[in-house]
Amino acid sequence: SIPNETHDEIDSERLIARCRAGEQGAFRELVARYQKRVYGVAFGMLHNAADAMDITQEVFIRVHQYLGHFKGTSSFYTWLYRIAINLCIDQLRKEAKGNQTVDYNDALDHDYREEAGDLLSTSWDMNPARALDRKELSEMIHQALQTLSPNHRAVLLMREVEGLSYSEMAEVMQCNKGTIMSRLFHARRRMQDALLARMGEKDAR
């Protein structure tokens with residue numbers, strides 16, 4: 001999740017200041033500090049190692065270009081995360097050209113519920129005796145994620161995998177918390193429906 005420890009932010013600020021001052025090796029140090037996190041975000045969104053590596057490289061190209069514009073009003077990692085998520089969403093939309101998933105219109109329905117449940121709870125609670133090995137479960141989750149729109153995939157991963165707060169998610173996605181909560185509610189519901197459908201397909205074999 002987005003680090004909020006004061007010492008971490010202070011270290012990042014110092015490192016950014018060194019980068020802006022043109023200190024030799026400071027940018028390489030910045031990349032070394034954050035590249036694993038960025039790659040993890042990209043792989044979670046794209047589920048493709050080569051694409052995730054390309055996105056990670058592009059993120060740091062953008063950081064190098066625009067570091068002078070970073071105002072520090074949010075944490076550096078929030079800013080970095082926003083660049084990564086936006087690049088991933090762009091990539092997913094390019095891939096989906098001609099076969100696009102239509103986003104749910106968040107303005108139409110804010111009937112979200114905090115108790116909507118974890119990513120898998122509704123699906124697995126329906127049949128607790130069902131046993132799947134880790135690899136099979138991972139593949140099923142991946143397939144279900146592919147059915148979600150880029151925005152819904154992003155909010156689900158940010159909340160369930162990265163553990164971001166609603167405020168952090170709203171900052172990354174540059175929208176209000178109500179929109180985030182609505183997207184998350186509908187993303188969870190669609191994910192659960194997709195998982196149930198895949199479980200049914202498996203049982204039918």
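Because the structure is a prediction, the values reported are computed rather than measured.
- A 4.5 Å side-chain heavy-atom check between L80 and F70 finds every atom pair outside the cut-off.
- Ring planes of H47 and H142: parallel class, angle under 30° (limits at 30 and 60°).
- L46 is not connected to M53 by any chain of hydrophobic side-chain contacts under 4.5 Å among Ile, Leu, Val, Met, Phe, Trp and Tyr, and they are in different clusters.
- V161 and I85 fall within a single hydrophobic cluster, where Ile, Leu, Val, Met, Phe, Trp and Tyr side chains are chained together by heavy-atom contacts under 4.5 Å.
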Criterion side chain to side chain contact (heavy atoms under 4.5 Å, CB included) on Q91 and M45, from CA distance to verdict: CA-CA 10 Å; Q91 175 73 15; M45 285 289 288; over 6 Å; no
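- A heavy-atom distance below 4.5 Å is not found between the side chains of V38 and V41.
- Nearest heavy atom pair, residue P150 against residue R93, reads CG-CG, 3.9 Å.
- Taking the side chain as every heavy atom from C-beta outward, I89 and R153 never approach each other to under 4.5 Å.
- Applying the salt bridge (charged side-chain N to carboxylate O under 4.0 Å, His left out) definition to pairs two or more places apart or across chains, those involving residues 46-63 are E58-R62.
- Within the structure, salt bridge (charged side-chain N to carboxylate O under 4.0 Å, His left out) contacts touching residues 38-47 (residues at least two apart or in different chains) do not occur.
- R20 CZ: more than 12 foreign heavy atoms inside a 6.0 Å radius.
- The CD1 atom of I55 lies 10.5 Å from the CD1 atom of I61; values are rounded to the nearest 0.5 Å.
- Between A194 and A144 the shortest heavy-atom distance is CB-CB, 3.8 Å.
- I16 CD1 to D11 CG: the interatomic distance, rounded to the nearest 0.5 Å, is 11.0 Å.
- Here the closest non-hydrogen pair linking R159 and L164 is NH1-O, 3.0 Å.
- Annotation: side chain of L157 is not in contact with side chain of E162 (no heavy-atom distance under 4.5 Å).
- You'll find the side chain of L156 stays beyond 4.5 Å of the side chain of R190, heavy atoms only.
- Closest approach of F60 to L30, counting heavy atoms only: CE2-O, 4.4 Å.
- Using modelled atom types, no side-chain atom of S182 and backbone atom of G178 make a donor-acceptor pair closer than 3.5 Å.
- To the nearest 0.5 angstrom, E23 atom CD is 8.0 Å from E29 atom CD.
- Using a 4.5 Å cut-off on side-chain heavy atoms (C-beta onward), Y81 and M158 make contact.
- The aromatic rings of Y39 and F43 lie parallel to each other, their planes meeting at an angle below 30°, with 60° marking the opposite boundary.
- In terms of heavy-atom proximity, L67 sits nearest to C19 at CD2-CB, 3.6 Å.
- The CD atom of E171 lies 12.0 Å from the NZ atom of K177; values are rounded to the nearest 0.5 Å.
- The closest side-chain heavy-atom distance from Y34 to V59 is not below 4.5 Å.
- Here the closest non-hydrogen pair linking R183 and H152 is O-CD2, 3.7 Å.
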